[in-house]
Amino acid sequence: MCAHILVVEDDESQAELIRRYLEREGHAVVMARDGRSAIEEARRQPPDLVVLDVMLPGVDGLDVCRVLRRESEVAILMLTAKSTEDDLLLGLDLGADDYMTKPFSPRELVARVRTLLRRAPGAGPLLRVGGLTVDVVRHEVHCDGLAVDCTPGEFTLLAVLAAEPERVFTRAQLLERMHGFDGSVTERSIDVHVMNLRKKIEPRPGPPRRLVTVYGVGYKLTARGPDAG
């Protein structure tokens, strides 16, 4: 899959390394050295995916992520030298789809990009679970007839669950479906995606009725409607 990718990295040698590896995969790569120019470039020519460093001069990567997610559903892969889990999960909570800590293997980065660009594995073209519809071909979600904006990571998670409604998935199983066998992505990232999805697809505040927690096991997507008891 050839994609238009925006790489936002102020370290020139690191940026050049990323560019070379992505272009070998056949992607068209555009570079930005700071947060402000990254936002301007994304607005000028919307990318399919953004590789975004957290530590940037001026507007940092977290602020760039916040702006991009507010304006689009572009896939965002964050790069960070910060290794604490809370720092990494903050990026996911702002709408990033995946993250990598520095130093990293360029080949692993290419694999992560490939995963983010790929459609949800094993899903059919149109998945219906109660009032929820997931259109894998058009990359669209509708809930009770209303369009729902999902990040690529949220969409992939929802498509995996919708492909097998009522099945309980462990966090480890969901991670494998979304990222393969990648030990650097933690199970808490699944919890962040679930929390964000619930804000978008649950009919009202209170106990979740669609994206349900099975305590001690994991999550499942049910066909229960807004008025289910």
Side-chain angles (χ1 to χ4, degrees), residues 1-35 37-38 41-42 45-56 60-62 64-65 68-69 73-85 87-92 94-123 136 139 151-157 159-160 171-190 192-193:
M1 175 186 296
C2 179
H4 170 54
I5 299 178
L6 173 61
V7 174
V8 190
E9 170 63 75
D10 64 323
D11 184 310
E12 187 172 349
S13 60
Q14 184 83 80
E16 180 62 19
L17 181 65
I18 295 171
R19 183 190 65 77
R20 287 204 312 269
Y21 271 81
L22 290 176
E23 287 184 345
R24 286 178 190 171
E25 287 284 296
H27 301 303
V29 180
V30 176
M31 313 296 294
R33 302 294 191 214
D34 59 75
S37 61
E41 178 60 33
Q45 187 177 7
D48 299 306
L49 182 141
V50 179
V51 178
L52 176 62
D53 188 24
V54 171
M55 304 300 291
L56 296 170
D60 69 18
L62 294 175
V64 173
C65 180
L68 294 182
R69 183 54 67 233
E73 299 177 19
V74 63
I76 300 174
L77 171 60
M78 298 201 77
L79 308 177
T80 176
K82 299 178 180 180
S83 58
T84 68
E85 193 173 39
D87 287 330
L88 299 174
L89 292 174
L90 176 58
L92 289 177
L94 290 173
D97 300 287
D98 200 357
Y99 59 80
M100 297 184 68
T101 56
K102 296 180 177 181
F104 56 82
S105 161
R107 293 177 64 185
E108 181 186 356
L109 182 141
V110 168
R112 297 283 193 94
V113 166
R114 191 181 301 124
T115 297
L116 285 175
L117 291 172
R118 194 164 54 221
R119 296 296 187 187
V136 176
H139 211 271
T151 69
E154 292 166 3
F155 182 88
T156 301
L157 175 59
V160 169
R171 292 170 177 83
Q173 288 170 332
L174 291 170
L175 276 178
E176 180 186 341
R177 295 289 187 95
M178 296 177 68
H179 300 284
F181 294 98
D182 186 346
S184 68
V185 184
T186 69
E187 293 185 2
R188 280 190 63 195
S189 66
I190 297 295
V192 174
H193 284 317

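Contact check on Asp97 versus Arg112 returns no salt bridge, with no Lys/Arg side-chain nitrogen under 4.0 Å from an Asp/Glu carboxylate oxygen.
Residue Gln173 holds its CD atom at 11.0 Å from CD1 of Ile190, rounded to the nearest 0.5 Å. In this structure, Thr156 OG1 and Asp98 CG are separated by 10.5 Å, a value rounded to the nearest 0.5 Å. Residue Leu116 holds its CG atom at 6.0 Å from CG of Leu77, rounded to the nearest 0.5 Å. Once rounded to the nearest 0.5 Å, the distance linking OG1 of Thr101 with CZ of Phe104 reads 9.5 Å. For the atom pair CD (Glu23) and CD1 (Ile18), the distance works out to 12.0 Å, reported to the nearest 0.5 Å. Residue Met55 holds its CE atom at 9.5 Å from NZ of Lys102, rounded to the nearest 0.5 Å.
When all heavy atoms are compared, the tightest approach of Met31 to Leu6 is C-CD1, 4.4 Å. The two residues Leu17 and Pro106 come nearest to each other via the heavy atoms CD2-CG, 3.6 Å. Pairing each heavy atom of Glu73 with each of Pro152, the nearest pair is O-CD, 3.1 Å. Of all heavy-atom pairs spanning Val29 and Val7, the tightest one is CG1-CG2, 3.7 Å. Smallest separation of non-hydrogen atoms from Gln14 and Glu9: CG-OE1, 3.7 Å.
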> Would Leu109 and Leu79 count as a side-chain contact (heavy atoms from CB on, under 4.5 Å) if you check the C-alpha gap in whole Å, the side-chain angles of each, and the deciding distance to 0.1 Å?
Replying inline: CA-CA 10 Å; Leu109 182 141; Leu79 308 177; 3.9 Å; yes
>> Walk me through whether His27 and Leu49 qualify under side-chain contact (heavy atoms from CB on, under 4.5 Å).
In response: CA-CA 10 Å; His27 301 303; Leu49 182 141; over 6 Å; no
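Of the listed residues (Arg19, Arg20, Arg114, Arg107), just one forms a salt bridge (charged side-chain N to carboxylate O under 4.0 Å, His left out) with Glu25, and that residue is Arg114.
Contact check for Asp34 versus Asp10: no side-chain heavy atoms found under the 4.5 Å cut-off. Between Leu175 and Ser189, the closest side-chain pair of non-hydrogen atoms falls below 4.5 Å. Contact annotation: the side chain of Arg188 never approaches that of Leu92 to less than 4.5 Å [non-hydrogen atoms, C-beta and beyond]. Between Val8 and Val64 the shortest side-chain heavy-atom distance does not fall below 4.5 Å. Side-chain contact between Leu52 and Cys65 is present, with at least one heavy-atom pair separated by less than 4.5 Å.
Under the 3.5 Å distance criterion, the side-chain polar atoms of Asp48 are left unmatched by any main-chain donor or acceptor of Ile5. Checking side-chain atoms of Arg69 against main-chain N and O of Gly95 turns up a donor-acceptor pair under 3.5 Å.
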